[in-house]
Amino acid sequence: MSIPDFVIQTAYELEESEGYQRKKKAVYDLLENPHSRIRPYFDVFMMLMVISSVFVLLFSVKHHLGAWADWFENTVLVFFILEYLGRLWVYDDVHKIVLEEYEKSELINERFRLSKVFRAVMRSKWRYISSPMAIIDLLAIVPSYRALRILRLFLLFRLFKVFRYAQSMQQFGSILREKRVELITLLGFLTFVLLVASSAIYMFESPQAGGHVEGFFESIYWALVTISTVGYGDITPHTIEGRLVTMVLIVSGLGVISFFTSIIVSAFQEKMGEVRDRRVAMLLEKERGYTVVCGFGRVGQVVAEYLARDKLPFVVIECDEEAVQLARREGYLVVQGKAERIGLLRTLGVGRSAGKVLCLTGDDVINVFVTLSARQLDENVEIISRANHHQTLKKLMLAGANHALEPFKIVGLIAGEYVGQPVAFEAIHDIVMGENDITLESIKVPAGSWMDGKTIGELLLEDMRLILFGVITSPDRRSDHVRSHFDLESLRFQFNPGADFVLLGDDMLLVFGHKYSVLHIRQKLKAKRA
Amino acid sequence: MRKSPKKVVVVGSGPVGMEVARQLTERGESVKMVDDINADVEEARTRGFAVEQINLQDDDALKRVGIGGGVDILFALLDNDASNVFLLISARAIAPDLLIVSISGVRDTIVRLYAAGATKVIDPYRISGYKVYEHMNRSLIAETMDRTVFGRVDLDIAEIHIQEDSYIHGKYLDELSLNERYNLIVLGVVDREYGDNLIFATDPRRHKLDGGDILVVIGPEEAFAQFEHDLHAGLDIPGDEDA
């Protein structure tokens, strides 16, 4: 078998090997995957390692540490090298490049050449090796091989590795990166001014001309100290010409400083929202099954209030500035943006850890669109959407909502009730709103509890001041004691079952009553079971 | 049970206004929809609602649509709380005895709307929000309610006015056992002995039913029909007198 054949075969084997893919995925999760669970622990571990190794280095400047310091240094080094190689490994798939090249050459009927593949692989890997983070990683490793003093300094580069593990640091880096055009312009200007000023001062302040500047390095040092408005004063101009140069330099220094400050400030201001959003996303990472509330209008506000009351985790998406401010004042997690953006939904964990999505905007078009997007991201997420017009109801269900609510229909119903039957209106309103402490509550009959197998009459609900509305049972239960039943999605609601109706485990009683009565019967159920 | 249709004026053509107008029309009431001159009513019109545009700040215009003359109930369903308050005060000035139902946008306005003369204030956003919340956390109850009471199907909540001459006059509520006999569940009662407020049936007191009292009952339509029929037939129920 020739070498190219062997390479291709190996590549195919790797492509098919499940164990290999699994291993690679595990390493990827550990090192790179921002959503993996283990990654934060790894990051903290590595950060501790970096800091402690630098600490040992600093300590060893004045103290003698003995053999264990070398041993520790070597351990750290092994970790760093393994990490570097691991990242290099998961950066891309060599076997995929090989196969791609091979298939390409097959397609255009050309001979498969190993050298070409090798170049492609190297190009791809080089892209990783030459990235700033990889260089920092390398610099953290390399100096350990040499006993050279100046290279020892490079060990401090390890501190830069902390960047890798701390997200906020990375944000700082990305902000600077975004402003690189401005910063490079500034750097060009700065270099130019520094060159002119230091050459001038070198000429005017040379010892021959009566000054104190000994060499060109000193003049550059002086120019930088002056332009930054630090002004140590260890080197000062003595000639008229030198002082003129100084004055010009100081004025341009003010310009440079303010320019630099304004770039950084504006970059941060532009990024402030994003930084905040990312913080929200980070807080959400820890939660499971939280609710994403799209729309913080008046309905959204009420829902958020109830969720907050029950201490259920949720995050709000809203694009209106004023509403966002309001949510922030209430202390809710909020992201400003359009819920229609599928990227935003994904960032907030729809498709991963979000359990419910509520589409509550006042615009049916948006509600349908968001419902559809959320359903595409996650097949299992529970979506509840608001239909402002009754025609939208069906569309929302088609778009993939689990429940589509027509909130104003209930309002209309209640209002309509008022016209004909003002007293019944009162009852409906209270029941719908759960106000006046009278609520409709469900009580589950645990299998094997004292309720299991009893008839309704034996429960003596009247004595507990509870009114039985009905019992929810499995859909196939029939009974002579029920005169009207209604089929729910997967269960059956037996309205007003007679006193002889026999309860079974997992049935659910729906009762009207004061919340304390309900609490009392629930307690009783628990106590008897224990 | 159907009485002559009531004359209703619905002010406001937003989603709430449309929904209320739709449902009242379905119930056979005589509904007139009105909105402000400046308001954007195109949406409602394209959806088939006949909206009359009048100047809501003009008392004569309000009188022209029947406020103070013939209208039974006014629904003030404008989107803006301030406009609602203004409308309420104008309407109350014209017709002191008019029934006025209004909606509030923010919770704090409820008090002000009552002060401005509303007979009843509904908070549509709170109701909607609670409904959503109920669907999330008590989905079985929400589903049951939606399929029974709020759905098209059978279960109705209705009030039954007790006449002096009906057979239940003078009976105690608990001896009627309406749930056994008619498949009707009593939710509450307005017992004039204890005032004009609705008392929920969970109340421990025994209620003697007299003429003028009102029962709020939930049950299937045919059960209501049966009960109404028996009430008017003056049927006497044996065996319960000495209970």
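In what follows, chains are A, B, ... by sequence order, proteins preceding strands, each numbered from 1.
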So with a 6.0 Å cut-off around CD of A:E322, is the heavy-atom count from everything else above 12?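 Atom CD in A:E322 is not packed in, count stays at 12 or less.
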How many angstroms lie between [atom1] in [X] and [atom2] in [Y], if you round to the nearest 0.5 Å?
X      : Y      : atom1 : atom2 : value
A:Y306 : B:M136 : OH    : CE    : 13.0 Å
A:Y418 : B:L99  : OH    : CG    : 5.0 Å
A:Q301 : B:R126 : CD    : CZ    : 10.0 Å
A:I384 : B:H135 : CD1   : NE2   : 7.0 Å

If I compare all heavy atoms of [X] with all of [Y], which pair ends up nearest, and what's the gap?
X      : Y      : result
A:E406 : B:R22  : OE2-NH2, 4.2 Å
A:G412 : B:V20  : CA-CG2, 3.8 Å
A:F469 : B:I185 : O-CD1, 3.5 Å
B:G219 : A:F495 : CA-CZ, 3.7 Å
A:L510 : B:I141 : CD2-CG1, 3.8 Å
A:V303 : B:G129 : CG2-O, 3.4 Å

Contact leader toward chain A among [options], where contacts are heavy-atom pairs under 4.5 Å:
options                       : answer
B:N183, B:I73, B:L184, B:I127 : B:N183
B:V132, B:V186, B:I214        : B:V132
B:V101, B:V190, B:L77, B:L187 : B:L187
B:V217, B:V216, B:V8          : B:V216

Please state whether the side chain, the backbone, both or neither of [X] comes within less than 4.5 Å of a heavy atom of chain B.
X      : result
A:T291 : side chain
A:L468 : backbone
A:F493 : side chain

Under a 4.5 Å heavy-atom cut-off, does chain A meet the side chain of B:L24, its backbone, both or neither?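 Answer is side chain: those atoms of B:L24 sit under 4.5 Å from chain A.
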With a 4.5 angstrom heavy-atom cut-off, which part of B:K6 approaches chain A: side chain, backbone, both or neither?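 Side chain of B:K6 only, per the 4.5 Å heavy-atom cut-off to chain A.
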If you define the side chain from C-beta out and look only at heavy atoms, does anything of [X] sit under 4.5 Å from [Y]?
X      : Y      : value
B:Y133 : A:R309 : yes
B:E19  : A:H389 : no
B:N137 : A:L312 : yes

List the residues meeting salt bridge (Lys or Arg N to Asp or Glu O under 4.0 Å) with B:R138, not counting sequence neighbours, and say none if there are none.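 Once residues adjacent in sequence are excluded, the partners of B:R138 under the salt bridge (Lys or Arg N to Asp or Glu O under 4.0 Å) criterion are A:E441, B:E134.
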Do A:R298 and B:D123 meet the salt-bridge criterion of a basic N to acidic O distance under 4.0 Å?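 The answer is no: the pair does not qualify as a salt bridge.
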I'd like to know whether B:S128 forms a side-chain contact (heavy atoms from CB on, under 4.5 Å) with A:V299, so could you lay out the CA-CA distance, the side-chain angles of the two residues, the decisive distance to 0.1 Å, and finally the verdict. CA-CA 6 Å; B:S128 308; A:V299 176; 3.8 Å; yes
Out of A:L405, A:L307, A:L466, which one racks up the most heavy-atom pairs below 4.5 Å with chain B?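 Option with the greatest count: A:L405.
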May I ask you to name which of A:N388, A:I472, A:N402 has the most heavy-atom pairs under 4.5 Å with chain B?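 With the most close heavy-atom pairs to chain B, the winner is A:I472.
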Does B:Q23 reach the main-chain N or O of A:L413 with its side chain, forming a donor-acceptor pair under 3.5 Å?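 Yes: the side chain of B:Q23 pairs with the backbone of A:L413.
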Contacts of type side-chain contact (heavy atoms from CB on, under 4.5 Å), residue A:R492, not counting sequence neighbours: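 side-chain contact (heavy atoms from CB on, under 4.5 Å) check on A:R492 returns A:T473, A:R478, A:H485, A:D487, A:Q494.
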